[in-house]
2 protein chains.
Amino acid sequence: MRLENLPEIRKFKLFKTMSEENFDAVMQAAYLQNFPAQVRLVTEGDEADFLFLVVEGCVELFATANGREATMAMIKPVGSFILAAVIKDARYLMSGRTTEKSRILMIPAKNIRDSFEKDSAFALAVVTELADCYRSVIKEYKNLKLRTAVERLANRLLEYHCEQGETGVIELPYDKKRLAALLGMTPENLSRAFVTLKPYGVTVSGSSITLSDMKGLITLAKPNLLIDRHAG
Amino acid sequence: MRLENLPEIRKFKLFKTMSEENFDAVMQAAYLQNFPAQVRLVTEGDEADFLFLVVEGCVELFATANGREATMAMIKPVGSFILAAVIKDARYLMSGRTTEKSRILMIPAKNIRDSFEKDSAFALAVVTELADCYRSVIKEYKNLKLRTAVERLANRLLEYHCEQGETGVIELPYDKKRLAALLGMTPENLSRAFVTLKPYGVTVSGSSITLSDMKGLITLAKPNLLIDRHAG
DNA sequence: CGACGATTTGAATAGGATCAATGGGAGTGG
DNA sequence: CCACTCCCATTGATCCTATTCAAATCGTCG
């Protein structure tokens with residue numbers, strides 16, 4: 001593959017500790033491709049042929065059943081997806097599609113599994129990454145089961161605020177439709193949740209959100225170290 | 001520790017491939033203890049000092065926030081819990097309590113992490129176990145997001161039916177209160193869900209359930225390979 | 001300007017939760 | 001063996017959250 005993005009990939013936590021030799025071998029076999037928005041990269045039920053890395057852009061992971069659809073996660077650079085299926089040599093449990101123009105690195109699953117056996121530093125990185133993924137899903141599950149829609153939104157806003165430098169103004173990272181799906185609600189309900197948060201200093205203007213009463217919002221959201229990335 | 005249950009522990013997938021030497025060392029440091037029902041073994045937020053194995057009995061994993069409580073999983077013999085926290089040397093995201101008289105093996109986290117580094121066969125087993133755990137939570141998450149309460153119950157009944165030998169009669173593995181919590185509903189709602197399933201051949205008599213219209217029940221449940229252990 | 005998709009708002013509905021009351025065993029003590 | 005008690009399960013009534021369906025509005029892009 002071409003090397004323009006190699007340095008950042010090398011810095012990604014999965015590969016940082018990998019031996020030079022294995023890294024080169026893996027990248028030799030990998031494909032770096034550009035995709036437009038709305039391209040389906042993987043479909044649930046398919047065999048795990050590749051590990052995916054989002055190098056630029058964004059990928060939405062989602063699942064379907066009974067005619068319903070649920071957004072499971074959004075993957076931003078540099079992040080991997082469906083590592084567990086690759087390691088287990090199993091079928092994907094989720095589908096993935098780009099939500100914007102994206103640059104995606106596809107690594108044949110076999111190369112990952114081979115390196116895993118040859119390179120113990122890489123094996124450790126895989127375990128750590130898997131443990132992180134596991135803990136993230138547990139947190140999402142708790143978020144969904146233990147909070148109302150308004151509380152989930154409030155905490156998500158606090159998270160973005162934290163990520164974006166605590167300036168009092170947030171830019172939503174996706175359109176509201178997708179944000180709603182990610183939070184486990186309908187777009188209509190998200191709209192209403194924003195209205196509910198108005199008394200807590202939340203002002204919406206398109207994709208730009210102003211937070212003018214952090215204290216009040218935090219009181220409502222009750223951020224929790226064991227659920228949220230922000231909090232503390 | 002005492003050795004009465006050693007053979008079954010040795011057979012547990014986490015330890016099956018471990019070197020004799022490491023297994024002995026790990027078990028040397030472990031404690032096997034009997035607990036009555038309703039004993040809190042771990043509390044979310046605590047540091048991961050031990051990996052736990054359920055040798056006999058049953059442990060309920062649950063989480064709390066905002067005065068609410070959610071059951072995350074039930075662990076039966078032989079099963080481990082909070083492996084991810086142990087590997088990451090992080091805080092537990094879930095609490096665990098026995099639901100019945102149980103025999104629990106407690107392995108100091110440090111021994112697990114040490115063996116993990118020394119024994120590559122064990123490392124592989126850990127990765128596999130973590131990947132399994134991850135995929136299980138994803139399935140639970142899909143189950144919750146993509147199905148109604150009645151559908152979740154129907155599929156759970158089919159799962160138990162499958163596990164228990166497809167005799168047409170199921171014995172519920174826990175009391176209904178806990179089953180309700182596990183399925184993400186209230187006990188009242190579980191009761192009503194059973195009533196809803198009556199036209200599909202589901203007859204309740206205490207903890208014993210009769211299924212007399214498998215075809216109808218399956219049509220309603222729509223079991224899914226990518227969510228359910230049964231199905232197929 | 002006009003069209004189309006995204007967002008918001010409104011009204012009606014559904015799925016579950018909560019609150020309250022009743023029924024039913026299992027275990028205890030007489 | 002029976003009465004009593006307590007806890008669990010069921011049932012009924014009501015409330016609440018969130019979904020659905022419908023319509024209006026906003027924004028953007030050609």
Side-chain angles (χ1 to χ4, degrees), chain A residues 36-38 60 64-71 99-101 143-157 170-198 202-210 220-221, chain B residues 36-38 60 64-71 99-101 143-157 170-198 202-210 220-221:
Chain A
Q38 303 301 335
E60 175 183 14
T64 48
N66 300 339
R68 294 159 215 151
E69 181 177 306
T71 295
T99 61
E100 50 187 272
K101 207 162 152 307
N143 193 33
L144 188 64
K145 268 202 169 182
L146 296 169
R147 286 177 171 157
T148 65
V150 171
E151 289 170 340
R152 293 199 296 277
L153 173 59
N155 278 292
R156 194 62 58 129
L157 293 180
I170 307 169
E171 193 61 24
L172 295 181
Y174 339 100
D175 58 37
K176 288 179 182 152
K177 206 171 166 179
R178 247 172 271 277
L179 177 61
L182 182 61
L183 292 172
M185 54 179 122
T186 57
E188 294 95 323
N189 208 25
L190 175 63
S191 226
R192 289 175 182 121
F194 271 123
V195 173
T196 306
L197 289 181
K198 196 175 276 177
V202 176
T203 314
V204 180
S205 168
S207 66
S208 175
I209 315 287
T210 309
L220 172 84
Chain B
Q38 302 303 334
E60 176 183 13
T64 49
N66 301 339
R68 293 159 215 151
E69 181 178 305
T71 295
T99 61
E100 51 187 89
K101 208 161 150 307
N143 193 34
L144 188 65
K145 267 203 169 180
L146 296 169
R147 285 175 171 159
T148 65
V150 171
E151 288 169 341
R152 293 199 297 276
L153 173 59
N155 278 293
R156 193 63 57 129
L157 292 179
I170 307 169
E171 192 63 24
L172 295 181
Y174 339 99
D175 57 35
K176 288 179 184 152
K177 206 171 166 180
R178 248 173 271 279
L179 177 62
L182 182 62
L183 292 173
M185 54 179 120
T186 57
E188 293 95 323
N189 208 24
L190 175 63
S191 228
R192 291 179 179 115
F194 271 122
V195 173
T196 307
L197 289 181
K198 195 173 274 177
V202 176
T203 314
V204 180
S205 168
S207 65
S208 176
I209 315 286
T210 310
L220 172 82

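Chain letters run A, B, ... following the sequence lines, proteins first, then strands; residues in each count from 1.
- Scanning for salt bridge (Lys or Arg N to Asp or Glu O under 4.0 Å) contacts around Arg192(A) gives an empty result, with sequence neighbours left out.
- With sequence neighbours left out, the side chain to side chain contact (heavy atoms under 4.5 Å, CB included) criterion links Thr203(A) to Thr210(A).
- Remark: Ala181(A) engages Thr71(A) in a side chain to side chain contact (heavy atoms under 4.5 Å, CB included) (not counting sequence neighbours).
- Rotation axes derived from the C1' atoms of the five outermost pairs at either end of the helix from dC1(C)-dG30(D) to dG30(C)-dC1(D) lie 30° apart, to the nearest 10°.
- The side-chain hydrogen bond (donor to acceptor under 3.5 Å, both in side chains) analysis of residues 170-180 of chain B, with sequence neighbours excluded, yields the pairs Glu60(B)-Arg178(B), Glu171(B)-Ser207(B).
- In terms of modelled atom types and a separation under 3.5 Å, the side chain of Ser205(B) and the main chain of Ser208(B) share no donor-acceptor contact.
- For DNA chain D, the outermost nucleotides in 5' to 3' order that have an atom under 4.0 Å from a heavy atom of chain A are dA18(D) to dC21(D).
- Computed from coordinates, the Leu172(A) CG to dA6(C) C1' distance equals 14 Å when rounded to whole Å.
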Per-nucleotide protein contact string for nucleotides 14-28 of chain C (B base, S sugar-phosphate only, - none; heavy atom under 4.0 Å): --SSBB---------

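- Listed by chain and residue number, Arg97(B) satisfy the salt bridge (Lys or Arg N to Asp or Glu O under 4.0 Å) test with Glu69(B) (two or more places apart in sequence, or in another chain).
- For Thr64(A), the side-chain hydrogen bond (donor to acceptor under 3.5 Å, both in side chains) partners at least two apart in sequence or on another chain are Glu44(A).
- Phosphate contact (OP1/OP2 of dT7(C), side-chain N/O of Lys176(A), threshold under 4.0 Å): absent.
- Evaluation of the side-chain hydrogen bond (donor to acceptor under 3.5 Å, both in side chains) rule for Asn143(A) yields Arg147(A) as partners, not counting sequence neighbours.
- For the pair Asn189(A) and Ala149(A), the tightest heavy-atom approach, listed with the atom from each and the gap, is ND2-CB, 4.0 Å.
- Partners of Thr196(B) by side chain to side chain contact (heavy atoms under 4.5 Å, CB included), not counting sequence neighbours, listed by chain and number: Val150(B).
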